[in-house]
Amino acid sequence: QVQLVESGGGLVQAGGSLRLSCAASGRFFRINAMGWYRQAPGKQRELVAVITSGGITNYADSVKGRFTISRDNAKNTVYLQMNSLKPEDTAVYYCNAHAQTINIISYWGQGTQVTVSS
């Protein structure tokens with residue numbers, strides 16, 4: 001019912017910036033919270049940032065002050081601006097959305113690779 005498509009990943013040197021985008025499409029009444037998670041090799045998937053439909057945000061401690069999450073409700077799109085990137089940020093970044101149809105279901109995108117070189 002809902003598809004999430006991420007874009008914007010790539011290779012960047014430490015200290016550089018990237019901007020990730022995730023657009024939701026399909027059949028749903030509305031999108032509530034949207035967020036970004038990441039998974040590095042050998043590690044569990046972790047929450048990076050989330051944003052509610054009202055614009056309330058939460059960030060992982062490791063990215064506070066460097067990453068900014070935002071959304072365009074008219075476009076059903078969430079963004080992640082990543083500045084001052086570190087090699088430790090290297091991971092596959094996944095978009096997540098809570099979409100309401102007849103109930104609320106969590107959906108995942110397929111992921112986009114972010115690689116930060118030193």
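We number each residue from 1, following the sequence as shown. Values reported hereafter were calculated over all heavy atoms of this structure, with side chains retained and with hydrogens, waters and symmetry mates removed. None of the values given here were measured: they were computed from a predicted structure.
Within the 4.5 Å cutoff, the side chain of Leu80 has heavy atoms near those of the Phe67 side chain. Within the 4.5 Å cutoff, no side-chain heavy atoms of Met82 are placed close to those of Ser17. Between Leu20 and Thr112 there is a side-chain heavy-atom pair separated by less than 4.5 Å.
Contact between Ala99 and Val2 at its shortest, heavy atoms only, is CB-CG2, 3.7 Å. For the pair Arg38 and Ala91, the tightest heavy-atom approach, listed with the atom from each and the gap, is CB-CB, 3.8 Å. Taking all atoms of both residues into account, the shortest heavy-atom contact from Ala60 to Leu47 is CB-O, 3.4 Å. Residue Asp89 comes nearest to Tyr93 through the heavy atom pair O-OH, 2.7 Å, listed as atom of the first residue, atom of the second, then distance. Closest of all the heavy-atom pairs between Ser118 and Pro87 is CB-CG, 3.9 Å. A pairwise comparison of heavy atoms in Asn76 and Met34 identifies O-CE, 4.1 Å as the closest pair.
Checking side-chain atoms of Thr77 against main-chain N and O of Lys75 turns up a donor-acceptor pair under 3.5 Å. For the pair Tyr94 (side chain) and Gln39 (backbone), a donor-acceptor distance under 3.5 Å is absent. Judged purely by atom type and a 3.5 angstrom limit, Glu6 uses its side chain to pair as donor or acceptor with the backbone of Gln110. Thr90 places a side-chain N or O within donor-acceptor distance of the main-chain N or O of Val116, the cut-off being under 3.5 Å. Asn96 places a side-chain N or O within 3.5 Å of a backbone atom of Tyr107 that can act as its donor or acceptor partner.
Rounded to the nearest 0.5 angstrom, Ser53 OG and His98 NE2 are separated by 12.0 Å. Atom OH of residue Tyr79 and atom CZ of residue Arg71 lie 11.5 Å apart, to the nearest 0.5 angstrom. Summarising the geometry, atom OG belonging to Ser106 is positioned 11.0 Å from atom CG belonging to Asn32; distances are rounded to the nearest 0.5 Å. To the nearest 0.5 Å, atoms CG (Leu18) and CD (Gln81) are separated by 8.5 Å. Note: Gln13 CD to Ser117 OG = 4.5 Å, rounded to the nearest 0.5 Å. The line from CZ of Arg30 to OG1 of Thr101 is 12.0 Å long, rounded to the nearest 0.5 Å.
Val12 and Val63 fall within a single hydrophobic cluster, where Ile, Leu, Val, Met, Phe, Trp and Tyr are joined by side-chain heavy atoms under 4.5 Å apart, directly or via other members. Side-chain heavy atoms closer than 4.5 Å link hydrophobic residues (I, L, V, M, F, W, Y) into clusters, and following such links, possibly through other members, connects Val48 to Tyr59.
Exactly one of Ser70, Ser21, Cys22 qualifies for a side chain to side chain contact (heavy atoms under 4.5 Å, CB included) with Val78. That residue is Cys22. Thr57 pairs in a side chain to side chain contact (heavy atoms under 4.5 Å, CB included) with only one of the listed residues (Val50, Ile69, Thr52), which is Ile69.
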> Where do Phe29 and Ile102 land on the side-chain contact (heavy atoms from CB on, under 4.5 Å) test, with the steps shown first?
Replying inline: CA-CA 8 Å; Phe29 178 68; Ile102 59 173; over 6 Å; no
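Between Trp108 and Tyr37, the distance separating the two ring centers is shorter than 6.0 angstrom.
Classification of Lys64 and Asp61 as a salt-bridged pair holds, one side-chain N sitting under 4.0 Å from a carboxylate O.
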